[in-house]
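Please read the structure below before turning to the comments.
Hydrogens, waters and symmetry mates play no part in the numbers below; they use all other heavy atoms, side chains included. We name chains A, B, ... by the order of the sequence lines, and we start the count at 1 in each one.
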Amino acid sequence: MRKRLLTWFSENARDLPWRRDHSPYRVWISEIMCQQTQVATVLPYFERFLSTYPTIRDLANADENQLMRMWEGLGYYRRARSLHASAKKMAAEHEGEFPDSFEDVLALPGIGRYTAGAILSISRNEAFPILEGNTQRVFSRWIGLTTPPTEKIAQTRLWELSDKMLPRKKAGDRTNGPAGFNQAAMELGALICSPKAPKCDVCPVATMCHANQLGLQAEIPGKISKVQYESRTEIAVVISQAEKYLVRTIPEGVRFAGMIDFPRAGPPEAEDVIGMESWLAEHLGGDVTIGMRLKTIKHAVTRYRMTLHIHLADLAGPNAGDNSDEEHGPLPEPWRWASIDELADMPMSVTGRKIVRLLDRPQRSLFSEI
DNA sequence: AATCCGGGGTA
DNA sequence: TACCCAGGATT
């Protein structure tokens with residue numbers, strides 16, 4: 001199994017940017033970006049990220065807003081915040097270098113057993129096993145494990161197998177060492193041993209595969225429980241004055257933490273337009289009157305099916321006017337006014353960015369499709 | 001063990 | 001629509 005797999009990998013491996021130059025820093029960034037994200041999606045983000053932050057210290061010194069802006073569209077934004085925190089930790093505790101020991105790598109935020117093993121094996125050819133979506137599927141089929149890989153007993157067996165299969169050879173040939181094996185197993189899962197319709201006819205290890213021999217490819221890995229989708233309706237409002245728009249930084253500990261967003265709320269805080277006006281009065285302090293609807297956006301993300309109503313609104317009362325105008329008093333934290341140019345550089349969710357595009361191209365978007 | 005995270009690609 | 005993606009952290 002091992003030799004055939006490694007031979008196949010040496011002849012079929014994709015030419016990925018973190019394989020050509022496999023420094024720990026580059027492999028680390030690639031692994032974080034690839035968490036729950038397909039390789040093809042990651043590629044343009046990876047190149048841009050590495051040119052903006054060529055070293056660990058560059059990342060440690062990065063502006064948080066710019067960093068989040070670089071991540072916009074990749075999702076799971078906590079990954080970017082964990083990257084930043086990790087880089088700062090390396091600058092402070094590891095002289096700006098990627099840590100040496102498995103324990104120190106595992107102690108970094110956003111890095112679990114899989115990612116620590118992947119980084120150290122791929123970058124330094126160290127013999128740590130890995131287990132993720134691809135290898136769960138490859139190994140489960142190989143040994144005919146019908147237990148869903150989410151169950152603890154399956155996890156234990158699969159990690160044991162990943163460790164048992166791993167070549168210990170470190171010196172010399174990376175392709176035949178731990179780096180090669182771990183990547184080969186993942187690559188097989190990505191290119192051949194796919195979730196649906198695996199290409200067993202061209203699989204290098206098909207003759208040794210339990211699932212292939214028994215025709216159980218469709219039953220292995222065992223099915224995990226279905227996703228419970230949830231419909232959700234939210235309201236966002238556009239409040240403008242002097243060609244600036246009212247936005248805020250999302251506080252820590254909630255979705256979109258650290259990103260910029262328009263006033264937005266949904267059930268149970270704001271069930272409808274009236275509820276949204278109450279929400280605005282409470283959070284903003286001024287009298288807000290919600291006006292016409294600009295557009296309704298449907299957005300499917302993770303398990304949510306969101307309908308977002310975007311309304312124009314007017315702000316009156318003590319907080320109207322520029323936030324530097326002391327006669328009117330400043331806007332309460334974390335609210336602020338931002339121009340279109342400023343919004344362009346701020347990190348936003350996908351739906352937040354769609355609102356900006358509505359405002360940026362009013363002649364085409366604002367009054368159509370309403 | 002389940003849920004959250006709030007993006008995207010594919011059949 | 002359903003399912004998956006080089007998962008980790010939290011509860």
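Using P as the reference atom, B:dG9 and C:dG8 are 23 Å apart when rounded to the nearest Å. For the P atoms, the distance from B:dG8 to C:dA9 is 23 Å, rounded to whole Å. Comparing C:dA6 with B:dA11, their P atoms are spaced 14 Å from each other, to the whole Å.
Straight-line distance from the CD atom of A:Glu252 to the C1' atom of C:dT10: 16 Å, rounded to whole Å. Across the protein-nucleic acid pair, A:Tyr304 atom OH and B:dC5 atom P stand 5 Å apart, rounded to whole Å. Between A:Arg113 atom CZ and C:dA9 atom C1' the separation is 17 Å, expressed in whole Å. In this structure, the CG atom of A:Leu188 is 14 Å from the C1' atom of C:dA6, given to the nearest Å. Look at CD1 on A:Ile119: it is 12 Å from C1' on C:dG7, rounded to the nearest Å. Look at CD1 on A:Ile122: it is 12 Å from P on C:dA6, rounded to the nearest Å. Remark: C1' of C:dA6 and CD1 of A:Ile130 are 7 Å apart, rounded to the nearest angstrom. Rounded to whole angstrom, the span from the CD atom of A:Gln36 across to the P atom of C:dC3 amounts to 16 Å.
Counting only N and O atoms by type, the side chains of A:Thr207 and A:Arg4 include a donor and acceptor under 3.5 Å apart. Side-chain contact of A:Tyr114 with A:Gln35: a donor-acceptor pair under 3.5 Å is absent, judged by distance alone. Side-chain N/O atoms of A:Lys298 and A:Thr307 include a donor and acceptor closer than 3.5 Å. Side-chain contact, A:Thr296 with A:His309: a donor N or O sits under 3.5 Å from an acceptor N or O.
Comparing A:Arg305 and A:Ser30 by the nucleotide of DNA chain C that holds the closest heavy atom to each, the one mapping nearer the 5' end is A:Arg305. If you find the closest nucleotide of DNA chain B to A:Thr150 and to A:Met306, the one lying nearer the 5' end belongs to A:Thr150. Toward the 5′ end of DNA chain B lies the nearest nucleotide of A:Lys152, the other residue of the pair A:Arg232 and A:Lys152 mapping further downstream.
With C:dC5, B:dC4, C:dA2 as the candidates, the nucleotide lying closest to the side chain of A:Tyr229 is C:dA2. Among the nucleotides C:dA6, C:dC3, C:dG8, the one closest to the side chain of A:Lys196 is C:dC3. Considering only side-chain atoms of A:Phe256, the nucleotide from C:dC4, C:dA6, B:dG6 that sits closest is B:dG6. Nearest nucleotide to the A:Asn134 side chain, out of C:dC5, C:dG7, C:dC3: C:dC5. Of all nucleotides listed (B:dG7, B:dC5, C:dA6), B:dC5 comes nearest to the side chain of A:Arg255. Candidate nucleotides C:dC5, B:dG9, B:dG7 were compared by shortest atom distance to the side chain of A:Thr41, and B:dG9 ranks first.
A:Leu359 and A:Met292 fall within a single hydrophobic cluster, where Ile, Leu, Val, Met, Phe, Trp and Tyr side chains are chained together by heavy-atom contacts under 4.5 Å. The same ILVMFWY cluster, assembled from side-chain heavy atoms under 4.5 Å apart, contains both A:Val254 and A:Trp71.
Within 4.0 Å (heavy atoms only), A:Glu132 reaches sugar-phosphate atoms of the nucleic acid but no base atom. A:Thr37 comes within 4.0 angstrom of a nucleotide base, judged by non-hydrogen atoms across all strands. Across all strands shown, A:Thr115 has heavy atoms under 4.0 Å from sugar-phosphate atoms exclusively, and none from any base. Among the protein residues, A:Val39 comes within range of the nucleic acid bases, having at least one heavy atom under 4.0 Å from a base atom. Heavy atoms of A:Leu106 sit nowhere under 4.0 angstrom from any nucleic acid atom. Heavy atoms of A:Ile111 sit under 4.0 angstrom from primed sugar atoms or phosphate atoms, though from no base atom.
Residues of residues 157-167 of chain A that place a heavy atom closer than 4.0 Å to DNA chain C do not occur. Using a 4.0 Å cut-off on heavy atoms, the residues of residues 68-88 of chain A that approach DNA chain B are A:Gly73, A:Leu74, A:Gly75, A:Tyr76, A:Tyr77, listed by number.
Contact detail for A:Pro332 and A:Leu284: the closest heavy-atom pair is CG-O, 3.5 Å. Of all the heavy atoms in A:Pro24 and A:Ile119, the pair that sits closest is O-CG2, 4.1 Å.
By the 6.0 Å contact criterion, NZ on A:Lys223 is enclosed, its count of non-hydrogen atoms from other residues, nucleotides or ligands being greater than 12.
For the pairing with A:His311, the side-chain contact (heavy atoms from CB on, under 4.5 Å) check across A:Val238, A:Ile235, A:Leu294 returns one residue only, A:Ile235.
No cation-pi contact links A:Arg264 to A:Phe262, judged by a cut-off of 6.0 Å to the six-membered ring centre and 45° from its axis.
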